Amino acid sequence: MADRILGIETSCDETAAAVVDRATHVRSSVVASQIDQHARYGGVVPEIASRAHVEMLTPVLAQALVEAGTADDEIDAVAATVGPGLVGSLLVGVSAAKALALVWEVPFVAVNHLEGHLYAAFLEQPDLELPLVVLLVSGGHTMLVHMQDHGHYRLLGSTIDDAAGEAFDKVARFLGLGYPGGPVIDKLAATGDPGAIAFPRGMLDRTGDDRHAFSFSGLKTAVVNHVRKHPDVSAEDVAASFQDAVVDVLVTKARRAAREVGATGLCLGGGVAANSALRERFVQACDEDGIRAFVPSRAMCTDNAAMIAAAGWWRLRADGPSPLDTGATPGLRLVGAGDQSN
Ligand code: KG4
Ligand code: ZN
């Protein structure tokens with residue numbers, strides 16, 4: 001049984017490698033961020049990202065292996081993110097993982113990045129029990145997932161336009177706060193008044209088939225219109241009121257979904273799960289509803305390779321090794337089209 005997994009993550013702007021035992025014990029987790037190289041452009045530039053991954057992956061891998069205190073021949077399998085993400089970036093990690101698996105004569109495991117985010121919480125809370133509802137909020141995705149069993153997911157709803165992280169990034173860019181926007185708005189909001197401006201809560205009152213869906217593009221437009229109309233408004237109040245609207249929608253919909261499916265726990269994942277207000281309100285809501293809250297540490301919420309190694313361990317148990325002709329799939333989904341579980 002393969003127990004020690006080397007995980008590799010290069011789907012976007014973080015080059016990461018990690019060594020994890022049995023999907024629970026993180027021996028090392030190294031993340032090299034490229035944010036400085038993209039910040040001046042206000043977002044991730046795919047060509048720059050691929051080149052930076054090529055440059056950084058070897059030193060990051062070496063550091064992960066050294067920090068793990070493990071020899072090459074003690075690695076039982078190599079897992080890498082195959083999608084969703086930027087194709088040029090994904091290919092760097094996938095190629096390296098397949099080469100290592102071939103040379104070390106161990107299995108290669110193809111991992112869905114979103115499944116990685118789902119497993120981040122398990123790394124730190126091995127007692128976590130399924131079924132659960134997971135609120136997955138990142139720069140590219142916003143979804144509510146009913147995690148029925150390992151590898152068995154039902155997508156309850158997702159965003160019909162912008163992802164929550166994308167809304168944070170776009171609003172921050174409009175306010176001239178730089179990239180990525182989430183952490184800056186989080187910090188600025190700490191000294192603002194969340195009740196100062198009543199921004200819209202998109203799709204909050206839906207009761208039909210789209211009741212678990214999200215929409216953040218109207219909120220972004222409302223922020224832009226408000227600031228244009230009131231140029232002297234305090235940036236802290238705008239940040240706090242915008243964040244309050246996002247958090248309100250996310251937490252309200254997550255607890256409704258948990259209630260509807262009868263889940264005994266709610267789990268948070270993805271980069272936006274690093275947000276202070278969201279973490280606080282999420283735990284408070286679970287307390288009020290008498291269900292368990294699983295909130296990974298901030299480092300496990302944003303992109304990392306430990307979560308890829310953990311998801312890889314479960315995938316390998318369920319499906320065995322992935323073929324070495326597996327490529328990168330930029331538009332990979334968590335749940336197949338028309339199919340509610342995989
Ligand atoms: O999961 P992630 O690291 O990468 C993707 O897979 O997209 O998420 C990145 C997103 C960015 O949009 C970033 O602005 C947001 O997570 N983010 C935050 C915070 N930290 C990162 N959003 C709100 N508050 C934060 N503290
Ligand atoms: Zn991510």
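Since we're looking at a predicted model, the values are computed, not measured. Note that ligands are numbered from 1 as they come in the structure, with each ligand's atoms numbered from 1 the same way.
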*Asks:* Please confirm whether Cys12 approaches ligand 1 to less than 4.0 Å, judged on its heavy atoms.
*Replies:*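 Flag not set, Cys12 not near ligand 1.
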*Asks:* Looking only at the aromatic ring of each residue, does the gap between the centers of His141 and Phe214 stay below 6.0 angstrom?
*Replies:*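 Centroid separation for Phe214 and His141: 6.0 Å or greater.
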*Asks:* Show the atoms of ligand 1 that are less than 4.0 angstrom away from any heavy atom in Ala274.
*Replies:*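 Reading through ligand 1 atom by atom, the close ones are 20 (N), 26 (N).
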*Asks:* Number the atoms of ligand 1 from 1 as they appear, then name those within less than 4.0 Å of a heavy atom of Gly140, with their elements.
*Replies:*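 Numbered from 1, ligand 1 contributes 7 (O).
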*Asks:* Answer yes or no: does an N/O atom from Pro180 fall short of 3.5 Å to an N/O atom of ligand 1?
*Replies:*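 Min N/O separation from ligand 1 is not below 3.5 Å for Pro180.
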*Asks:* When you measure from the Zn ion (ligand 2) to each N, O or S atom of Asp303, which atom gives the shortest distance?
*Replies:* OD1
*Asks:* Distance to 0.1 Å, residue and atom name: give those for the protein heavy atom nearest to atom 11 (C) of ligand 1.
*Replies:* Asp169 OD2, 3.6 Å
*Asks:* May I ask you to list the atoms of ligand 1 that are less than 4.0 angstrom from any heavy atom of His117?
*Replies:*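 The list of qualifying atoms is 1 (O), 6 (O).
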*Asks:* Hey, is the Zn ion (ligand 2) within less than 2.8 Å of some N/O/S atom on His117?
*Replies:*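 Short answer: yes, at least one N, O or S atom is under the cut-off.
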*Asks:* Side chain or backbone, does Gly139 bring an N or O within less than 3.5 Å of an N or O on ligand 1?
*Replies:*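 N/O-N/O distance under 3.5 Å: yes.
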*Asks:* Quick one: are the ring centres of Phe242 and Phe168 less than 6.0 Å apart?
*Replies:*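 Yes.
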*Asks:* Any side-chain heavy atom of Asp72 sitting closer than 4.5 Å to one from Val103?
*Replies:* no
*Asks:* I'd like to check Leu65 versus Val19 (side-chain heavy atoms, cut-off strictly below 4.5 Å). Are they in contact?
*Replies:* yes
*Asks:* Is it the side chain (CB and beyond), the backbone, both or neither of Asp186 that lies under 4.0 Å from ligand 1, heavy atoms counted?
*Replies:*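 The answer is the side chain.
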*Asks:* Among Arg281, Lys253, Arg255, find the one that has a salt bridge (Lys or Arg N to Asp or Glu O under 4.0 Å) with Asp248.
*Replies:* Arg281
*Asks:* So which atom in Thr264 and which in Ile291 form the shortest heavy-atom distance, rounded to 0.1 Å?
*Replies:* O-CB, 3.3 Å
*Asks:* Taking all non-hydrogen atoms of both residues, which atom of Ala80 and which atom of Val94 are closest, and how far apart?
*Replies:*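 Scanning both residues completely, I find the closest heavy atoms to be CB-CA, 4.3 Å.
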*Asks:* Just checking Phe122 against His150, ring centres under 6.0 Å apart?
*Replies:*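 Here the rings of His150 and Phe122 have centres that are less than 6.0 Å from each other.
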*Asks:* Which ligand 1 atoms are under 4.0 Å away from a heavy-atom of Thr302?
*Replies:* 3 (O)
*Asks:* State whether His141 contributes an N/O/S atom found under 2.8 Å from the Zn ion (ligand 2).
*Replies:*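 For His141, the answer is no, given that no N, O or S atom comes within less than 2.8 Å of the Zn ion (ligand 2).
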*Asks:* Which residue supplies the protein heavy atom nearest to atom 22 (N) of ligand 1, what is that atom called, and how far is it?
*Replies:*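 Minimum-distance protein heavy atom for atom 22 (N) of ligand 1 reads Gly182 CA, 3.3 Å.
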*Asks:* Which heavy-atom pair separates Ala17 from Val60 by the least distance, and what is that distance?
*Replies:*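 Smallest interatomic distance, heavy atoms only, reads N-CG1, 3.6 Å.
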*Asks:* Under 4.5 Å between any side-chain heavy atoms of Arg154 and Leu144, yes or no?
*Replies:*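 Not touching, per the 4.5 Å side-chain cut-off.
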*Asks:* I need the contact type for Arg298 against ligand 1. Using non-hydrogen atoms and a strict under-4.0 Å cut-off, is it side chain, backbone, both or neither?
*Replies:* neither
*Asks:* Is it true that Asp76 and Arg4 have a side-chain N and a carboxylate O under 4.0 angstrom from each other?
*Replies:*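 Salt bridge absent between Asp76 and Arg4.
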*Asks:* In terms of residue, atom name and distance, what is the protein heavy atom nearest to atom 21 (C) of ligand 1?
*Replies:*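 The answer is Gly271 O, 3.4 Å.
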*Asks:* Of the backbone atoms (N, CA, C, O) and the side-chain heavy atoms from C-beta on, which set of Asn275 has a member under 4.0 Å from an atom of ligand 1: side chain, backbone, both, or neither?
*Replies:* both
*Asks:* Considering non-hydrogen atoms of the protein only, which is the closest contact for atom 2 (P) of ligand 1, and what is the distance?
*Replies:* Asp303 OD1, 3.3 Å
*Asks:* Is there a polar contact, in the sense of an N or O pair closer than 3.5 Å, between His113 and ligand 1?
*Replies:* yes
*Asks:* Find all atoms of ligand 1 within a distance of less than 4.0 Å from any non-hydrogen atom belonging to Gly165, and give their numbers and elements.
*Replies:* 12 (O)
*Asks:* So, Arg201 side chain and Val249 main chain: donor-acceptor pair closer than 3.5 Å or not?
*Replies:* no
*Asks:* Could you see which bit of His141 sits under 4.0 Å from ligand 1, with heavy atoms only: side chain, backbone, both or neither?
*Replies:* neither
